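Model, not experiment: these values are computed from the prediction.
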Amino acid sequence: METTQVLVVGAGPVGLTLAIDLAQRGVAVLLVEKNATSIQLPKMERCNARTMEIFRRLGIADAVRAAGLPRDVPMDVFLAPSMAGDALVHLPYPSVAAAKATIAANNDGRPLEPYQLISQYTLEPLLRAIVEEYPNIDVRFACEMTSFDQDADGVTAELRSAGGTQRVRAAYIVGCDGGASTVRKQLGIALNGQGSIRTLRQALFYSDELFDRIPMGKGRHYHIVKPPIFPFIIIQDSTKHWTLHAAAESDEEMTTIFRDALGMDVAFETLSVNQWTQHLLCADRYRDGRAFIAGDAAHLVIPTGGLGMNTGVGDATDLAWKLAATLAGWGGPALLDSYEIERRQIGLRNVAASGNAMSGRNTWRAAPTVDEMAARFDAEQRKVTEILGIEAGYRYVGSPIVCEEPGDGPDPNNNAYVPTTWPGFRLPHVWLEDGTPIHDRLGAGYTLLEVGRGTQDTSAFIEAFAAAGTPLDVQHIASPVARAIYDAELILIRPDLHVVWRGATMPADAARITATVTGNAALVRS
Ligand SMILES: Cc1cc2nc3c(=O)[nH]c(=O)nc-3n(C[C@H](O)[C@H](O)[C@H](O)COP(=O)(O)OP(=O)(O)OC[C@H]3O[C@@H](n4cnc5c(N)ncnc54)[C@H](O)[C@@H]3O)c2cc1C
């Protein structure tokens with residue numbers, strides 16, 4: 001029987017990202033996708049700041065930006081009577097170029113990368129092309145995983161393709177197989193929350209001229225005040241493609257709604273119409289033995305707030321290094337246990353944040369007058385577009401591989417991003433004196449950052465990690481800015497950049513801390 005280390009089911013954005021991360025860590029991956037091609041329809045279009053940081057670490061951020069919305073197009077959001085009129089409300093958000101300039105000019109701990117608008121139908125083929133470059137990823141499209149069994153040593157799965165059925169053996173299986181996940185269903189894992197809230201239609205249009213002819217300004221989202229439908233128009237990455245979301249009675253009606261929302265004579269072509277259903281659901285469990293679920297297989301959000309794929313990319317980056325470490329032999333059992341503990345709380349939190357963003361939208365749409373609607377839009381729409389804390393400021397509370405500090409710690413559900421090295425948060429970005437971002441200095445293993453005077457004897461950590469066979473890089477960063485923002489002399493960071501321990505001086509129990517953060521605490525006698 002054919003064997004691999006990790007069988008990834010589903011080549012959507014989450015499965016593709018997971019495969020790349022695993023492959024870069026030297027893991028052999030079999031990635032199967034039941035469809036013959038990548039997605040053709042529009043779905044997500046905005047990679048958030050944290051996803052772009054993750055893509056930067058994978059070395060693919062520049063490729064994603066090159067394929068996405070041109071860097072000088074603003075990301076503004078408008079409320080307007082039609083595309084031809086003046087805006088009732090105009091919320092300005094910077095283009096990637098402007099956002100990058102602001103990040104470059106400030107050294108205050110804000111995230112390293114800004115968002116990037118890229119349509120899912122552009123991102124998926126791009127990630128697929130990247131995946132196909134890796135010799136240790138065997139990627140098979142038109143290949144469906146139909147069932148699997150697991151035992152103490154691995155997983156045996158049945159794959160169906162044009163050539164017939166085949167059984168493969170893997171150490172682990174990860175279901176990145178979307179909302180109807182076969183892996184989740186076979187494990188009997190339930191989704192909880194609100195399912196099938198509302199079904200909408202989404203249409204994709206092509207217009208050579210619309211982008212240049214919008215008088216109110218260039219932007220990303222145009223909400224049109226035409227109750228009760230409230231057409232919602234979104235720019236796609238080419239600036240020639242546009243999507244419309246509306247609760248229409250028929251596919252044909254979408255073209256009429258779009259023409260009416262334009263309010264001016266603009267040539268366009270309707271390319272596709274499809275339906276999609278809103279859910280706010282999270283899986284009860286993310287793991288069963290050697291089987292895991294990630295992305296939409298584990299959580300389904302309303303896209304308002306853009307927390308669907310972005311949450312899934314976070315799952316992928318959390319799971320990849322833990323699987324790689326376990327396969328390499330140094331990752332203890334608590335590493336894989338921590339995946340569900342860390343990521344399910346973020347799934348639940350982001351489902352709630354999406355619900356919050358959606359209720360904000362419903363609030364302004366229900367306003368009795370246009371003036372009141374504009375006032376409510378100004379306040380409520382920010383719950384969709386100004387949630388950097390939700391996107392990049394998440395913290396793993398109660399993780400068995402994070403050395404918690406006494407006290408409540410900073411609010412892990414803050415909409416605003418507040419840089420902190422409280423254990424469980426991701427290390428904030430800081431520009432170093434030579435102009436490089438600290439994130440680019442951190443390798444694929446653990447890093448012990450010494451951010452103070454450089455007088456600490458770090459040999460106890462070096463010895464403990466060496467004894468555990470775990471990669472550790474010790475770096476002394478002589479940066480007053482980092483010292484001020486990080487508020488600690490020593491910070492231990494794990495491969496996905498989350499802080500696992502920090503202190504003012506070397507701890508007396510470096511060996512125990514090492515055992516904890518590598519998932520081996522249960523194996524150490526006290
Ligand atoms: C209208 C809309 C707008 C959105 N906007 C945003 C946004 O701006 N930002 C954002 O972050 N998210 C957004 N989302 C959500 C985003 O599209 C999803 O969260 C994302 O696609 C999830 O990725 P995934 O890889 O987990 O699952 P999917 O994209 O669903 O991929 C799963 C893959 O698994 C394959 N598969 C399923 N079963 C099997 C099997 N048994 N064997 C082999 N292959 C299988 C499927 O064919 C599919 O290709 C939006 C969604 C919609 C509908």
For this session: Without swapping roles, check the side chain of Glu158 against the backbone of Met145 for a donor-acceptor pair under 3.5 Å.
Result: no

For this session: Answer yes or no: is there an ion pair linking Glu53 with Arg56, defined by an N-O contact shorter than 4.0 Å?
Result: no

Problem set entry | Phe425/His498 aromatic ring centres below 6.0 Å | no

Exercise. Which residues satisfy the side-chain contact (heavy atoms from CB on, under 4.5 Å) test with Thr37, sequence neighbours excluded?
Worked result: Gln40

Exercise. Ring centres of Tyr446 and Phe465 under 6.0 Å apart?
Worked result: yes

Exercise. So do the side chains of Trp422 and Glu405 get within less than 4.5 Å of each other, counting heavy atoms only?
Worked result: yes

Problem set entry | Thr277 and Ile197, any side-chain heavy atoms less than 4.5 Å apart | no

Exercise. Is the shortest heavy-atom distance from the side chain of Leu427 to the side chain of Ile438 under 4.5 Å?
Worked result: yes

Exercise. Among all residues two or more places apart in sequence or in another chain, which pass the side-chain contact (heavy atoms from CB on, under 4.5 Å) test with Arg441?
Worked result: Leu432, Asp434, Thr436, Gln475, Ile477

Problem set entry | Derivation and outcome, side chain to side chain contact (heavy atoms under 4.5 Å, CB included), residues Ile20 and Ile130 | CA-CA 8 Å; Ile20 295 169; Ile130 293 168; 3.8 Å; yes

For this session: Give me the one residue out of Leu191, Asn350, Ile302 that meets side chain to side chain contact (heavy atoms under 4.5 Å, CB included) with Leu280.
Result: Ile302

Problem set entry | Heavy-atom neighbours of Asp151 CG exceed 12 at 6.0 Å | yes

Problem set entry | Lys/Arg-Asp/Glu bridge criterion (N-O < 4.0 Å) met for Arg220, Glu45 | yes

Exercise. Does any non-hydrogen side-chain atom of Ser196 lie less than 4.5 Å from one of His279?
Worked result: yes

For this session: From the options Ile401, Leu319, Val402, select the one residue that forms a side chain to side chain contact (heavy atoms under 4.5 Å, CB included) with Ser338.
Result: Ile401

Problem set entry | Salt bridge Glu404-Arg502, side-chain N to carboxylate O under 4.0 Å | no

For this session: Considering only NZ, NE, NH1 and NH2 on the basic side and carboxylate oxygens on the acidic side, decide whether Asp337 and Arg287 come within less than 4.0 Å.
Result: yes

Problem set entry | Ring centroid separation Trp321 to Tyr339 under 6.0 Å | no

Seminar exercise, completed: d(Glu113 CD, Cys47 SG) to nearest 0.5 Å is 11.0 Å

For this session: Identify whether the distance between the nearest side-chain nitrogen and carboxylate oxygen of Asp284 and Arg184 falls below 4.0 Å.
Result: no

